[in-house]
Amino acid sequence: MHEAAVVALAYRYPGPDSLERLVEAVEALPEGLARRSMEHFIDDVGTLELGQWEELHTVTLDLSPQFVPYVGHVTWGENYRRGEFMADLKRDMERHNVDLMGELPDHIEPVLRYLAQVPAPLTDLTDVAAASVATMSKTLATAAPENPYRHVLAATHAVVERPTPVMIGVRR
């Protein structure tokens, strides 16, 4: 599994076996910032009941997000440039069989899965991803400095800073 795909798992809505799958995937990550950050996230959400984690996910990422998890929106706001970016990204995601799973193409979760699957991602994405995630991190740090998703954003930043994320093997 690709390092970016492991980090993407943390953005999915949690279910009964989410923590176990995440732990298994993170154990296969190479030593570094992404792994350490994901381990901190696991430590934090591991103390929560599933319902509490679901609520945290919803408050952080969905209904009234504590940060906007859309790379294009953070970069360009709601204007035509974001629309062009999303159209190009969606086309390339479809070409590489990246399932949006109900999200917009610039949502951080499908973006990470796209980076995990595509050997040469769109230049528009690689040009803005790190700065966009840094902005997301600052926004969350201001809104909710103790929120466990700050660790996921740190791992995300570590992954998107590199143009070609690390391929890893998942232990069974």
Side-chain angles (χ1 to χ4, degrees), residues 1-13 22 25-26 29-30 32-41 56-145 147-168:
M1 183 180 286
H2 223 276
E3 188 177 33
V6 172
V7 176
L9 291 173
Y11 288 103
R12 287 199 185 145
Y13 191 78
L22 192 57
V26 169
L29 287 174
L33 179 58
R35 180 180 177 147
R36 284 191 309 276
S37 297
M38 293 300 292
E39 288 171 340
H40 290 305
F41 177 71
L56 175 67
H57 181 277
T58 300
V59 166
T60 305
L61 297 167
D62 292 333
L63 297 178
S64 295
Q66 293 179 337
F67 70 95
V68 178
Y70 299 94
V71 173
H73 184 274
V74 170
T75 303
W76 294 289
E78 291 296 331
N79 71 32
Y80 77 94
R81 183 62 187 100
R82 178 185 182 211
E84 288 177 349
F85 171 72
M86 287 198 313
D88 292 344
L89 188 56
K90 183 175 189 271
R91 229 180 342 270
D92 210 42
M93 286 177 163
E94 287 173 348
R95 189 165 62 93
H96 293 293
N97 300 312
V98 175
D99 185 355
L100 291 173
M101 299 171 65
E103 295 291 352
L104 292 174
D106 68 337
H107 187 279
I108 194 66
E109 195 262 334
V111 163
L112 286 167
R113 288 187 293 101
Y114 167 77
L115 290 172
Q117 198 163 324
V118 177
L122 292 175
T123 303
D124 274 356
L125 176 61
T126 58
D127 285 351
V128 302
S132 178
V133 172
T135 299
M136 292 176 197
S137 295
K138 288 177 193 166
T139 302
L140 182 60
T142 301
N147 188 309
Y149 282 92
R150 73 189 185 282
H151 302 301
V152 179
L153 284 166
T156 303
H157 196 263
V159 168
V160 300
E161 270 189 321
R162 295 185 304 274
T164 51
V166 177
M167 178 67 101
I168 59 170

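One finds the CG atom of Leu100 at 11.0 Å from the NE2 atom of His107 (value rounded to the nearest 0.5 Å). In this structure, CG on Leu104 lies 10.0 Å from NZ on Lys90, to the nearest 0.5 angstrom. Rounding to the nearest 0.5 angstrom, the gap separating the CE atom in Met136 from the CG atom in Leu61 is 10.0 Å. To the nearest 0.5 angstrom, His151 atom NE2 is 11.5 Å from Ser137 atom OG. The distance from atom CZ of Arg82 to atom CG of Asn79, rounded to the nearest 0.5 Å, is 9.5 Å. In this structure, OH on Tyr70 lies 5.0 Å from CD on Glu103, to the nearest 0.5 angstrom.
Pairs passing the salt bridge (charged side-chain N to carboxylate O under 4.0 Å, His left out) check and including a residue from residues 112-135, sequence neighbours excluded, read Arg81-Asp124, Glu109-Arg113.
The closest side-chain heavy-atom distance from Val74 to Phe67 is not below 4.5 Å. Contact of the Thr139 side chain with the Val68 side chain is not registered, since no non-hydrogen atoms from C-beta on lie closer than 4.5 Å. Between Arg35 and Val26 there is a side-chain heavy-atom pair separated by less than 4.5 Å. Contact check for Lys138 versus Thr135: no side-chain heavy atoms found under the 4.5 Å cut-off.
Tyr13 and His57 have perpendicular rings, their planes meeting at more than 60° on a 0 to 90° scale where under 30° would count as parallel. The aromatic rings of Tyr11 and Tyr149 sit tilted, their planes meeting at an angle between 30° and 60°. The aromatic rings of Phe85 and Trp76 sit tilted relative to each other, their planes meeting at an angle between 30° and 60°.
When all heavy atoms are compared, the tightest approach of Ala155 to Ala34 is CB-O, 3.7 Å. The two residues Leu115 and Ala4 come nearest to each other via the heavy atoms CB-CB, 4.3 Å. Residues Met38 and Val6 come closest through the heavy atom pair CE-O, 4.1 Å. Between Ala25 and Met1, the shortest heavy-atom distance links the atoms CB-SD, 4.3 Å. Listed here is the closest heavy atom pair of Ala130 and Val160: CA-CG2, 3.7 Å. Considering every non-hydrogen atom in both Phe41 and Pro148, the closest pair reads CD1-O, 3.2 Å.
Under the rule for a side-chain contact (heavy atoms from CB on, under 4.5 Å), the partners of Arg91 that lie at least two apart in sequence or sit in another chain are Ala87, Asp88.
Remark: the backbone N or O of Asn147 is paired with a side-chain donor or acceptor of Arg150 at under 3.5 angstrom. Checking side-chain atoms of Thr75 against main-chain N and O of Gly72 turns up no donor-acceptor pair under 3.5 Å.
Shown are Leu22, Ile108, Val159, Leu153; of these, the side chain to side chain contact (heavy atoms under 4.5 Å, CB included) with Val7 is made only by Val159.
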